[in-house]
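Let me begin by presenting the structure, written as structure tokens, before commenting on it.
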Amino acid sequence: MTDKKGKDSLSRNLRTKGIVIPVLFAVTVVLICMLLSNFGLGFLPSGTHDDALTTTATTEKTEFDENEFSHIVQD
Amino acid sequence: MNSRTLFRIKGTVCDLLLAVFILMFIVTVAMSATVGNVGFYSHFLNNKQITAELKTALDEETESIAQKTGIEQKAFEFAVGQNKISTVQKEMVKSAFSGSDYNYSDSANIENCYRDGITEFYRYNGMELDQTTLEDAVPLACKAFNEVMGIKNNIEFSQFTHFLSKTSIILAVASLIFALALCFRVFTYSGGRTKMYSHYACALLSAGVTLVLLFVLNVITGYTSKLYLTDNKALNIALSGGFNAYFLIEACFGAALIIAGASMMLYVGRYYRHKAAKIKQEQEINNSVYVASAYGDVTIGDIAKGSSKENNG
């Protein structure tokens, strides 16, 4: 009788640790991930940010031309 | 709540914490090696869909340049067409990860391509080309090409990739340290006995099932395909391909963890069943072997019972 009880207890213990806890843990983590993705993760870029200074296209820079300035002064 | 229940709850909390750190470790290690790595995305940039997307965007840009400068739109298409785009599109990821300006004229000689291509188109069709107009059109076409191949949210994206490549390594190392500390805690908690493997197995199974479930969820919802990381549609296709592969790699790790955890759990079950059978067999032998004593012939089992009663009394 005690032997059977011990075997049952062992099987129950292994089932809890091997199936019930992992499945519950996985479902909880996945639900948390879904919630986080719905609220919007801070580190994920939105892709809509338009920053002209950081465009990959070559930018035309307006620089001070010293020679041009000296011509104007001489004229 | 008795002390035994409290002990079991403490053990389960320890297992779950270990599962969290194992999960974190695998997620971050795989992250830095795959989606945090520039080279990884190049495998997903050889896609005809990406080329088609880029060509459409470039044609739209060159059409407006053609209207402005008077140069035939087909000349632009002839100069930089589908073949050129498909050879250059691998570099897109470099521009996205560099976080700064990227000029394709430096690497892919785009400026010369436009100049020679447009000239050749006009010569082949027997039309006259005004050199001044050509010189006006070429820089505009180059700029358009850079814009089509690049992304505008470079700062955001470079921060994101920095997180994926660098921060993930720090998190992986931290998770590994915590996981090892918890492994040691479980070892001391179980007194180094075989039952500690059931705790490790529980943690491995929890982490493994989570990784597989995340992959399944991604397949069902198509989460990565909806990620809008850059404003470049073509690059987003490659990025989502990369993220899909990342989830698949994680699922493989998850499957490995599940196999390891299940094997450990089976070993623990077999060990304790074998141990119980051995104890039962010993008891049966003890109860069947008679020895002479002052009270007559008694079994070893009776002697053992008597000594335990004396000890308890």
Side-chain angles (χ1 to χ4, degrees), chain A residues 1-69 71, chain B residues 12 15-16 19-20 23 95-96 98-103 105 139 142-147 149-157 159-160 163 167 198-199 201-202 205-214 217 221 223 227-232 236 258 261-262 265-266 268-269 272-273 276 280:
Chain A
M1 188 69 184
T2 325
D3 190 37
K4 197 178 178 301
K5 217 175 165 183
K7 270 186 183 174
D8 285 349
S9 165
L10 179 69
S11 300
R12 199 174 51 243
N13 228 328
L14 293 180
R15 208 167 34 240
T16 313
K17 278 185 182 168
I19 301 167
V20 180
I21 294 174
V23 169
L24 283 176
F25 176 83
V27 170
T28 315
V29 171
V30 166
L31 282 176
I32 291 169
C33 287
M34 278 172 78
L35 274 174
L36 284 174
S37 64
N38 278 343
F39 287 129
L41 297 168
F43 68 92
L44 277 180
S46 65
T48 48
H49 178 66
D50 188 7
D51 189 345
L53 290 171
T54 59
T55 176
T56 49
T58 46
T59 45
E60 285 177 16
K61 289 169 189 167
T62 316
E63 285 175 356
F64 176 65
D65 189 349
E66 205 178 323
N67 294 327
E68 194 182 354
F69 185 66
H71 283 304
Chain B
T12 311
D15 296 352
L16 293 180
V20 168
L23 187 70
S95 75
S98 65
S100 57
D101 291 352
Y102 193 87
N103 192 348
S105 285
C142 285
K143 194 180 171 184
F145 187 86
N146 285 335
E147 273 178 6
M149 300 294 277
I151 57 168
K152 289 195 182 85
N153 58 333
N154 253 342
I155 287 180
E156 271 185 9
F157 196 71
Q159 280 169 356
F160 175 61
F163 172 82
T167 318
S198 70
H199 291 280
C202 181
L205 282 167
S206 302
V209 172
T210 310
L211 289 172
V212 173
L213 211 65
L214 281 173
L217 192 79
T221 60
Y223 177 70
L227 274 178
Y228 191 58
L229 297 170
T230 69
D231 64 348
N232 190 322
N236 280 345
I258 289 172
M265 208 56 109
L266 284 174
V268 173
Y272 280 109
R273 278 191 195 101
K280 198 184 166 192

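Heavy atoms only: backbone and side chains are in, while hydrogens, waters and symmetry mates are out. Every value quoted in this text rests on a predicted model; they were computed, and no experiment measured them.
Across every non-hydrogen atom of B/Gly269 and A/Leu10, the tightest pair is O-CD2, 3.9 Å. The minimum heavy-atom distance linking A/Pro22 with B/Cys202 is given by the pair CG-O, 4.2 Å.
The contact between A/Leu14 and chain B is made by backbone and side chain atoms together, counting heavy-atom distances below 4.5 Å. Contacts of B/Leu16 with chain A are made by both backbone and side-chain atoms, with heavy-atom separations under 4.5 Å. Residue B/Val20 touches chain A through both its backbone and its side chain, counting heavy-atom pairs closer than 4.5 Å.
When the side chain to side chain donor-acceptor pair (under 3.5 Å) test is applied to B/Thr210, no partner is found at least two apart in sequence or on another chain. Taking the side chain to side chain donor-acceptor pair (under 3.5 Å) definition, one finds that A/Thr16 meets it with nothing, sequence neighbours left out.
With rounding to the nearest 0.5 angstrom, the OH atom of B/Tyr272 is 11.5 Å from the OG atom of A/Ser9. Here CZ of A/Phe25 is found 5.5 Å from CG of B/Leu23. Values are rounded to the nearest 0.5 Å. Taken from NZ in A/Lys17 to OG1 in B/Thr12, the straight-line distance is 7.0 Å, to the nearest 0.5 Å.
Among B/Ser206, B/Gly208, B/Ala201, B/Ala207, the residue making the largest number of heavy-atom pairs under 4.5 Å with chain A is B/Ser206.
Between B/Ser198 and A/Asn13, the closest side-chain pair of non-hydrogen atoms is not below 4.5 Å.
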